[in-house]
S.K.: 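Sharing a structure with you now.
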Amino acid sequence: MLGWSPEMFWKATAAEFEMTVEGLSGNVRGRPFISREEVRRIAAEHGVRPSLKGSSNARTIGGGLWI
C-alpha cells in the first residue's frame, strides 16, 4: 500500500509513517501525533536516525513526503 521498500519502511520515523498513512487515507489531522518531549525521550533511549527526507528515492507530492 505504501510503495516503500522494506529498507525505507524500517528507516522511516514514526512521524514520517503517520504522515504518509494520513496522506494516503485523506485523513490529515494537521497536528503531531507525538509530543516533542516524547520524541526527545525516544531519541535519548534509542539514538537519532537520519530522516527519509534526505533519501534520493524520496519524492514530494502534494506537500507531503512520498516514498
S.K.: Which residues pass the side-chain hydrogen bond (donor to acceptor under 3.5 Å, both in side chains) test with Arg40, not counting sequence neighbours?
M.R.: Glu37

S.K.: I need the minimum non-hydrogen distance between Glu16 and Lys11, along with the two atoms involved.
M.R.: OE1-O, 4.4 Å

S.K.: Taking side-chain contact (heavy atoms from CB on, under 4.5 Å) as the definition, give me every residue that meets it alongside Val21, ordered by chain and number, with sequence neighbours left out.
M.R.: Leu2, Phe17

S.K.: List in chain and number order the residues that pass side-chain contact (heavy atoms from CB on, under 4.5 Å) with Glu45, two or more places apart in sequence or in another chain; answer none if no residue qualifies.
M.R.: Arg41

